[in-house]
Chemist: 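Just passing along the structure, written as structure tokens.
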Amino acid sequence: MKKALLSLLMTSFVFVFGLQNVSAQGDKNCPDFSTWNEAQTYFEQNGGSPTNNVDDLDRDGDGLACEDLTGAPDKTTWNWATDRLLPATDGGTVGDGDNAGGQMPETATNNVNGIIAGVMIMAAGFLFYLRKRKAN
């Protein structure tokens, strides 16, 4: 019984740590973009803002991603509220009011391995419970 539980535990660790999808595959860095326009578009499409630093592309928190890339605007004159590339998706409070709606950033994760590992750990706990119950 101990060998079966140990095997179950080891299998769950393999699923959680060994075979886990790398959810950071979409993680981008400034060198991944050839121009500032590409970087800023990616930043805004994924929910980037002065308060949400997507993939650490905006190190100083002004909403301007990858400021050193070709085509980046002058930091002293750029303003998030008026100069962003994509329309506002916060109910149209930025600009002329025609910017309501828009696509939500993809923030969900699909970690099936974690779910499987959790079920296996719960099963191991249930087996321990049954074993203890039989002993009494």
Chemist: Donor-acceptor pair, Asp62 side chain versus Leu64 backbone, under 3.5 Å?
Modeler: yes
Chemist: Does any N or O in the side chain of Glu44 come within less than 3.5 Å of the main-chain N or O of Leu85, such that one atom is a donor and the other an acceptor?
Modeler: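 Yes; at least one donor-acceptor contact below 3.5 Å.
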Chemist: Search all heavy atoms of Trp78 against all heavy atoms of Pro73 and return the closest pair with its distance.
Modeler: CD1-CG, 3.3 Å
Chemist: We want to know whether Thr35 and Asn37 form a side-chain donor-acceptor pair, criterion being a heavy-atom distance below 3.5 angstrom.
Modeler: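 Distance-only check fails for Thr35 and Asn37.
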Chemist: Hydrogens and angles aside, do Glu38 and Ser34 bring a side-chain donor and acceptor to less than 3.5 Å of each other?
Modeler: yes
Chemist: Are the side chains of Cys30 and Leu57 in touch, meaning some heavy atoms are under 4.5 Å apart?
Modeler: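 Yes, at least one pair of side-chain atoms sits under 4.5 Å.
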Chemist: Give a yes or no answer on whether the side chain of Asn29 reaches the backbone of Asp32 with a donor-acceptor pair at less than 3.5 Å.
Modeler: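 Not a single qualifying donor-acceptor pair exists.
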Chemist: Which label fits Trp80 and Phe43: parallel for a plane angle under 30°, tilted from 30 to 60°, or perpendicular past 60°?
Modeler: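 Plane angle over 60°, so perpendicular.
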Chemist: Would you check, one step at a time, whether the test side chain to side chain contact (heavy atoms under 4.5 Å, CB included) holds for Thr70 with Trp36?
Modeler: CA-CA 6 Å; Thr70 304; Trp36 171 82; over 6 Å; no
Chemist: Taking the side chain as C-beta and beyond, is there a heavy-atom pair between Val54 and Lys28 under 4.5 Å?
Modeler: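 In short, these two side chains do not touch, never coming nearer than 4.5 Å.
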Chemist: When you measure from the side chain of Gln40 to the backbone N and O of Gly63, does any donor-acceptor pair fall under 3.5 Å?
Modeler: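 Checking the backbone N and O of Gly63 against the side chain of Gln40, a donor-acceptor pair under 3.5 Å is found.
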Chemist: Do side-chain atoms of Asn52 reach the backbone of Gly47 as a donor and acceptor pair under 3.5 angstrom?
Modeler: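 Confirmed, Asn52 side chain pairs with Gly47 backbone.
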Chemist: Hey, is CG on Asp68 packed in by over 12 heavy atoms from elsewhere, all under 6.0 Å?
Modeler: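 Open: at most 12 neighbouring heavy atoms sit under 6.0 Å from CG of Asp68.
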